[in-house]
Amino acid sequence: MVPVYLVLDIRAEEITAFWGPSPKGYRSRTTVRFGDTLHIPEPFAFDLDTADFAAPATGATAPQ
């Protein structure tokens, strides 16, 4: 099982951490807006600074 996983929602400009895996899913989660600090729990135990996270500019094109 994956102990912690992250989901970035570009449209909502949020990031969610899920942890505490169980047979029925993850027991815990927390969501912050881009720009806030997200605590990543054990076994990693660090704070992720999301200040540089941003949704792509409207009309942006993919790199070639």
Side-chain angles (χ1 to χ4, degrees):
M1 291 190 159
V2 177
V4 178
Y5 79 93
L6 305 177
V7 175
L8 280 77
D9 185 334
I10 299 299
R11 288 186 181 189
E13 296 188 3
E14 296 177 335
I15 182 170
T16 301
F18 293 86
W19 70 94
S22 75
K24 294 186 177 184
Y26 285 79
R27 292 183 198 101
S28 301
R29 74 174 182 201
T30 189
T31 301
V32 300
R33 303 272 308 153
F34 288 177
D36 293 341
T37 300
L38 175 66
H39 178 71
I40 308 299
E42 294 290 340
F44 305 102
F46 71 96
D47 292 327
L48 177 63
D49 179 6
T50 68
D52 291 332
F53 290 24
T58 304
T61 58
Q64 303 275 341

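Note that these values count all heavy atoms, side chains included, but never hydrogens, waters or copies made by symmetry.
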Could you pull out all donor-acceptor pairs under 3.5 Å where a side-chain atom in residues 3-22 meets a protein atom, sequence neighbours excluded?
residue	atom	partner	partner atom	Å
D9	OD1	R11	N	3.2
D9	OD1	A12	N	3.0
T16	OG1	T31	OG1	2.7
S22	OG	K24	N	3.3
S22	OG	G25	O	2.7

Report summary line: When rounded to the nearest 0.5 Å, the distance separating CD1 of I40 from OG1 of T30 is 9.5 Å
Query - Partner set under side chain to side chain contact (heavy atoms under 4.5 Å, CB included) for D52, not counting sequence neighbours - result: none
**Report entry** Pairing residues for D49 by the side chain to side chain contact (heavy atoms under 4.5 Å, CB included) criterion, not counting sequence neighbours
**Finding:** A51
Query - Hydrophobic cluster identity match, L38 and F46, side-chain contacts under 4.5 Å - result: yes
Query raised in the report: Judged by atom type as modelled, is there a donor-acceptor pair below 3.5 Å linking the side chain of T50 to the main-chain atoms of G35?
Result: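 Flag set: sc T50 to bb G35 pair under 3.5 Å.
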Query raised in the report: Who else is in M1's hydrophobic cluster (ILVMFWY, side-chain heavy atoms under 4.5 Å, direct or via others)?
Result: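 Reading the cluster by chain and number, M1 sits alone, since nothing else belongs.
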Report task. Assess whether atom CZ of R33 is packed by more than 12 heavy atoms of other residues, nucleotides or ligands within 6.0 Å. Result ->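 Enclosed.
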Requested in this report: Would you check if F53 and L48 make a side-chain contact, meaning some heavy-atom pair closer than 4.5 Å?
Outcome: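 Yes - at least one pair of side-chain heavy atoms lies under 4.5 Å apart.
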